[in-house]
Structure formats: structure tokens, C-alpha cells
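Start at 1 with the first residue, then count along the sequence.
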Amino acid sequence: ALSAEAKASAAVLGALPFIVMILVYITTPSYISILWTTNFGQFLLAIAGMWMTCGVLVMRKMINFKF
């Protein structure tokens with residue numbers, strides 16, 4: 001039960017930034033389109049992707065219980 005709860009929480013936390021990005025794009029596309037149309041925006045997306053990967057790996061390491 002502990003592992004299932006942790007996996008569900010990790011899935012929600014991992015998906016939340018993408019869900020918010022999609023919702024912002026649906027409501028105001030000009031607000032978020034600057035991220036992939038400018039060099040600085042693409043740089044920020046790359047950095048965000050790196051941090052998301054680090055966060056997912058940390059959560060994955062925390063979820064793997066070894067009894």
C-alpha cells in the first residue's frame with residue numbers, strides 16, 4: 001500500500017507541469033508559445049527538462065522500498 005500511494009503521488013507530481021503547460025497553451029497560446037519560439041525560451045525548456053528528469057529520478061529512488 002505504501003508503494004502504491006508513493007507511485008500515485010509521483011505520477012501526479014511528474015505529470016502536473018505538462019498538464020499546466022497544456023492548459024495554459026489552450027487558454028492563452030501566445031503566453032507560452034514564447035518558450036519554443038525564442039532561443040532563451042528553448043534554453044529554459046531544456047533546463048526545466050533537466051530538472052524534471054532529476055526530480056523523477058529522485059522520486060523513483062525514494063519509491064523503491066527494499067525490505
Side-chain angles (χ1 to χ4, degrees):
L2 281 173
S3 179
E5 181 182 355
K7 287 179 183 178
S9 295
V12 169
L13 287 174
L16 194 59
F18 300 106
I19 293 170
V20 170
M21 185 176 76
I22 290 168
L23 290 174
V24 169
Y25 182 73
I26 290 170
T27 57
T28 51
S30 62
Y31 220 61
I32 203 162
S33 66
I34 199 165
L35 286 176
W36 47 80
T37 57
T38 64
N39 287 337
F40 187 65
Q42 292 170 358
F43 173 73
L44 290 178
L45 281 174
I47 297 297
M50 182 196 66
W51 281 113
M52 279 294 295
T53 302
C54 290
V56 167
L57 291 174
V58 168
M59 286 189 291
R60 190 171 161 202
K61 190 78 167 170
M62 291 171 64
I63 289 171
N64 289 334
F65 298 114
K66 295 195 171 67
F67 293 110

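- Residues meeting the side-chain contact (heavy atoms from CB on, under 4.5 Å) test with F18, sequence neighbours left out: M52.
- With sequence neighbours excluded, no residue forms a side-chain contact (heavy atoms from CB on, under 4.5 Å) with T27.
- Closest of all the heavy-atom pairs between A6 and I63 is O-CD1, 3.5 Å.
- In terms of hydrophobic clustering, with Ile, Leu, Val, Met, Phe, Trp and Tyr side chains grouped at heavy-atom distances under 4.5 Å, V24 and M21 are assigned to a common cluster.
- Other residues sharing the hydrophobic cluster of L13, ordered by chain and number and joined by side-chain separations under 4.5 Å: V56, M59.
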Donor-acceptor contacts under 3.5 Å from residues 36-49 side chains, at least two apart:
from : atom 1 : to  : atom 2 : distance (Å)
T37  : OG1    : S33 : O      : 3.0
T38  : OG1    : I34 : O      : 2.9
T38  : OG1    : G41 : N      : 3.0
Q42  : NE2    : W36 : O      : 3.1

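- Annotation for L57: hydrophobic cluster partners, listed by chain and number, are none (ILVMFWY side-chain heavy atoms under 4.5 Å, direct or chained).
- Cluster annotation: V58 and W51 are assigned to distinct hydrophobic clusters (Ile/Leu/Val/Met/Phe/Trp/Tyr, side-chain heavy-atom contacts under 4.5 Å, transitive).
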